[in-house]
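Have a look at the structure below before the remarks.
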Amino acid sequence: MRRLPAMALLLLWFGTQGATASSVCGRPRMLNRMVGGQDALEGEWPWQVSIQRNGSHFCGGSLITERWVLTAAHCFSNTSQTSLYQVLLGARQLVRPGPHAVFARVKRVESNPLYQGMASSADVALVELEAPVTFTNYILPVCVPDPSVVFETGMNCWVTGWGSPSEEDRLPNPRVLQKLAVPIIDTPRCNLLYSKDAESGFQPKAIKDDMLCAGFAEGKKDACKGDSGGPLVCLVGQSWLQAGVISWGEGCARRNRPGVYIRVTSHHAWIRRIIPELEFQQAEPGGQTRGPRGQKPPVGNSVPCLAAPVLLSVLIALLALL
C-alpha cells in the first residue's frame, strides 16, 4: 500500500516549503490593497526585513532568497561582529511584531568591495542568514532583475521602510511599516536638481552611473533615516522587481533633493558571484519591461506556475512508486 506516502509526497512537493525563490518571488499573496494610505498592510511587502543591532532597528533590507538579504553597505561599520545583528522577517510593525514574524540570526555580511563611504557608488551589501527561512504568506522574496530590465523615467515604483516620517520625528509606536509611491527621475535631471541651492549650504553631489533617483523635485515625500538599505520596487508584468536599494539623500523630503538609490542591475555580476544559485528576472519578450505607469497589481491570489517538464518527471517518479 504505497499510495498514501506517494500522495503525501506529492502534496508536500506542491507546498510552500518546497517552493524555490525564483518561482514565488515578487508575488505577494495578500493583495487586498488600500489606496492612498501610508501604512502598509499585513503581507503587502513580504520581502521587507528589519535589520537590527542589539535588538534595535537601524536599517531595512529585502529578502531575495531563502538565505540572503539585500541591503546597503553603509549600514555596516563592522561586518565581522555578526553576533550583534539579527533580521526580522514577516513583520508589519516593529513593536510586538505578531505571530507571522520570525527573527533570524546573521551568518555573515558581504559588503561590495567597491564601496568607499557615504554617497559613493556600490553602496550595497548582502547578508547571509544562519539558516534558510520558510516561505509563508508573510515571508517571500522579491525578484532581482537581470540587466536586460530597464526601469524607465516616470515609472511609478514603491519604497517601504520603518524610517522616520521626517528629519525631526521618529516613527511612532507600534512603528507600522510605511509605503510611498515615487516616480523614477532620469539621471541628468537628478544631477541638475542636486546642483541647485548650493548657496543654502548644500554641497553639489554627482549622481553616479550605478545610482537611480526617485521622488519629487518639490520634496515633501521621501525615504528618511532608518529606511536605508530598504527596497525600491517596481511592478513589471505580474511580479515586483527590486530596482534600487535606499542609499542616500540630503536631509529628508527637501526641495530639489529626491532620494538616491543604488541600481540593483549595476551590481548584477557581484551579486551573482556571491549567490551563484540566484535566478535573475529577465526582461519580458518583446522588450516589455513594465506595465503601464502606476499599474496596480492584480487582485486575488497569485499561484506560481511550475515548469511542465519538472512536473511531468515528478509525476512519473511517483507513479513508479504505486
Side-chain angles (χ1 to χ4, degrees), residues 20-22 24-28 45-53 57-76 79 82 85-91 102 104-115 120-130 132-133 135 139-147 149 151 157-163 177 210-212 214 223 226-234 236 239-248 259-281:
T20 63
S22 60
V24 298
C25 75
R27 297 195 176 204
W45 311 102
W47 42 81
Q48 177 76 45
V49 308
S50 164
I51 301 177
Q52 305 186 355
R53 181 174 48 231
H57 168 85
F58 69 95
C59 270
S62 53
L63 187 69
I64 58 173
T65 76
E66 297 93 334
R67 293 193 79 113
W68 288 94
V69 166
L70 178 62
T71 186
H74 79 256
C75 290
F76 297 95
T79 58
T82 56
Y85 305 115
Q86 63 180 358
V87 174
L88 174 63
L89 307 100
V102 172
R105 298 177 66 179
V106 172
K107 180 179 180 180
R108 65 170 165 146
V109 178
E110 291 280 350
S111 291
N112 193 307
L114 299 178
Y115 177 63
S120 83
S121 291
D123 185 13
V124 286
L126 289 165
V127 176
E128 185 180 13
L129 307 179
E130 274 200 351
V133 296
F135 294 151
I139 302 174
L140 289 170
V142 68
C143 297
V144 181
D146 179 270
V149 179
F151 299 98
C157 300
W158 289 81
V159 60
T160 49
W162 286 282
L177 180 67
D210 74 333
M211 296 178 183
L212 178 71
D227 289 322
S228 290
L232 173 72
V233 298
C234 311
V236 178
S239 300
W240 290 92
L241 274 62
Q242 184 166 351
V245 174
I246 300 173
S247 180
W248 62 276
V260 184
Y261 305 78
I262 297 299
R263 288 181 187 270
V264 174
T265 54
S266 295
H267 298 282
H268 169 265
W270 175 74
I271 295 172
R272 186 174 58 184
R273 187 162 61 250
I274 303 296
I275 317 175
E277 67 273 19
L278 178 62
E279 293 185 29
F280 293 83
Q281 190 87 2

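One is the number of the first residue; the rest follow in order along the sequence.
Between the side chain of Thr71 and the backbone N or O of Gly60 there is at least one donor-acceptor pair closer than 3.5 Å. Panel note: side chain Arg263, backbone Met211; a donor-acceptor pair is recorded below 3.5 Å. Without hydrogens or angle criteria, Asn112 side chain to Val124 main chain gives no donor-acceptor distance under 3.5 Å. Of the possible polar contacts, none joining the Arg105 side chain to the Leu129 backbone as a donor-acceptor pair under 3.5 Å is found.
The OG1 atom of Thr265 lies 13.5 Å from the CD atom of Gln281; values are rounded to the nearest 0.5 Å. Atom CG of Asp227 sits about 5.0 Å away from atom CD1 of Ile246, to the nearest 0.5 Å. Remark: His268 NE2 to Leu278 CG distance equals 8.0 Å, nearest 0.5 Å. Ser228 OG to Phe58 CZ: the interatomic distance, rounded to the nearest 0.5 Å, is 10.0 Å. Note: Gln242 CD to Tyr261 OH = 11.0 Å, rounded to the nearest 0.5 Å. In this structure, the separation between CH2 on Trp68 and CD1 on Ile274 is 6.0 Å, given to the nearest 0.5 Å.
For Glu128, the CD atom is densely surrounded, since the number of other residues' heavy atoms within 6.0 Å is greater than 12.
Under the 4.5 Å side-chain criterion, counting only non-hydrogen atoms from C-beta, Trp240 is not in contact with Leu140. The closest side-chain heavy-atom distance from Leu70 to Ser62 is below 4.5 Å. Put simply, the side chain of Pro145 reaches to within 4.5 Å of the side chain of Val264, judged on heavy atoms.
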Practice item. Show the numbers, then the answer: is there a side-chain contact (heavy atoms from CB on, under 4.5 Å) between Cys234 and Leu241? Key: CA-CA 5 Å; Cys234 311; Leu241 274 62; 5.7 Å; no
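Using modelled atom types, one finds no donor on one side chain facing an acceptor on the other under 3.5 Å when comparing Ser266 with Asp210.
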